[in-house]
Amino acid sequence: MTAGFLALLYYGGNVLYTCSYQSFEQYSFDQQLKGRTPSIPGFASRLLGLGNAPAVRMPSESAEGENILQGAVLAPMAAPVDKGWTEERLRAFKAATPPLPQSVLGRLEIPSLDLSVMLLQGTDDRTLNRAVGHIEGTAFPGQSGNIGIAGHRDGFFRPLKDISQNAIITLTTLKGRFFYRVKAINIVTPTDVRLLAPTARPSVTLVTCYPFHFVGDAPKRYVVTAEIFKIQGATAIAAEYNETRLPSPKMHLP
């Protein structure tokens, strides 16, 4: 009984930590999108439902275009201390430097699944226990290529079992919001990484273990591939967040 109680206490503590982490990071990210500074009083107000983020607005079919943003995106990067560097050299350094491990890259949302979760850099256990992670070596949001994102099947990516063809996936960053449409769903072996290979058209690939209700180490991987079809600029997102206060998408917790 003692062992069982301790196990439940440990599990409950992990769930509480994950919930708290996601809530604060969602709030902080929303404040950054508004051009504001996060604060503890503001976070408390968010918890009380006094300052929710706007829901993602789905673009109309007529708004589709080929406006694909290029270049490095988003996460805080370590800048050199040497103040003698020229601005051009500093820009080149930041563009070439990858985001710091576990830094926030943006927010992944799938409205049809009521899924909203923060995206962090890396796929180590600590990262995937509290968010979904960007797979190292794949493209970043805002770059051409294939963005790989991993998540636990018994955590934030469990809703993927209900995803369908043509479902919309959005990635919101401090540089823009990227809209993707699901093109394929595949089940592969853990060693088959062909679906994470670079693509000519900007894409996002979601990866989780399969089967979803398997006990132990899952023998396969469930892979969702989606292609970009629209981009919303940072200015439009800021205006949306400052002008509306609609309920945010429901967040699934492990």
Side-chain angles (χ1 to χ4, degrees), residues 6-56 73-78 98-111 113-136 138 140-141 147-161 169-175 177-178 204 206-209 212 237 241 245-254:
L6 292 176
L8 288 175
L9 187 64
Y10 176 77
Y11 174 77
N14 282 337
V15 171
L16 180 61
Y17 170 74
T18 299
C19 179
S20 300
Y21 177 84
Q22 281 288 320
S23 294
F24 182 76
E25 290 299 336
Q26 294 258 9
Y27 157 75
S28 297
F29 188 65
D30 288 337
Q31 292 300 106
Q32 292 179 69
L33 289 172
K34 296 176 184 179
R36 302 175 186 174
T37 302
S39 66
I40 298 301
F43 179 54
S45 176
R46 170 73 173 264
L47 289 179
L48 295 174
L50 302 178
N52 289 327
V56 174
V73 184
L74 339 166
M77 298 181 182
L100 298 174
Q102 300 179 12
S103 59
V104 175
L105 300 186
R107 177 165 51 213
L108 172 73
E109 294 171 276
I110 307 178
L113 301 181
D114 289 331
L115 174 64
S116 176
V117 60
M118 300 307 295
L119 170 64
L120 307 186
Q121 171 63 13
T123 55
D124 59 278
D125 287 340
R126 186 165 184 266
T127 297
L128 296 188
N129 283 338
R130 56 181 175 155
V132 295
H134 170 257
I135 299 174
E136 296 181 7
T138 65
F140 289 98
I147 306 165
I149 299 176
H152 284 321
R153 57 170 173 148
D154 55 355
F156 293 105
F157 269 1
R158 181 170 290 277
L160 287 187
K161 61 185 176 62
I169 298 173
T170 68
L171 274 177
T172 303
T173 74
L174 299 181
K175 297 296 184 180
R177 178 177 290 148
F178 308 87
V204 64
L206 311 182
V207 182
T208 193
C209 293
F212 286 93
I237 296 175
Y241 271 74
R245 291 193 175 209
L246 302 176
S248 59
K250 182 171 63 178
M251 180 175 64
H252 286 274
L253 296 175

Worksheet item: Would you say Q121's side chain and L105's backbone share a donor-acceptor pair under 3.5 angstrom?
Response: no
Worksheet entry | Gap between atom CZ of R107 and atom CZ of R177 - 0.5 Å precision | 7.5 Å
Item to complete: For residues L206 and I169, determine if any side-chain heavy atom of one lies less than 4.5 Å from a side-chain heavy atom of the other.
Response: yes
Worksheet item: CD of Q32 to OG1 of T173: how many Å apart, nearest 0.5 Å?
Response: 11.0 Å
Worksheet item: How many angstroms lie between atom CG of L119 and atom CZ of F140, to the nearest 0.5 angstrom?
Response: 9.5 Å
Worksheet item: Distance from L108 atom CG to T170 atom OG1, nearest 0.5 Å?
Response: 7.0 Å
Fill in: Q102: partners by side-chain contact (heavy atoms from CB on, under 4.5 Å), with sequence neighbours left out
D124, R126, T127, R130
Worksheet item: For F24, what residues pass the ring pair (Phe, Tyr, Trp, His ring centres under 6.0 Å) criterion, not counting sequence neighbours?
Response: F43
Worksheet entry | Partners meeting side-chain contact (heavy atoms from CB on, under 4.5 Å) with L128 (sequence neighbours left out) | T123, H152
Fill in: Any donor-acceptor N/O pair, T208 side chain to G151 backbone, under 3.5 Å
yes
Worksheet item: Do L174 and L33 touch side chain to side chain, with heavy atoms closer than 4.5 Å?
Response: yes
Worksheet entry | Closest non-hydrogen atom pair, E136 against G122 | OE2-CA, 4.3 Å
Worksheet item: Can you tell me how far CD1 of I110 sits from CZ of F157, rounded to the nearest 0.5 angstrom?
Response: 6.5 Å
Worksheet item: Which atoms form the tightest heavy-atom contact between P159 and F156, and what is the distance?
Response: CD-O, 3.2 Å
Fill in: Over all atoms of both residues, closest heavy-atom pair of S116 and E109
OG-CG, 3.7 Å
Discussion item. The criterion is side-chain hydrogen bond (donor to acceptor under 3.5 Å, both in side chains); which residues satisfy it with R153, sequence neighbours excluded?
Written reply: none
Worksheet item: Looking at side-chain heavy atoms only, is the closest gap between F178 and V204 below 4.5 Å?
Response: no
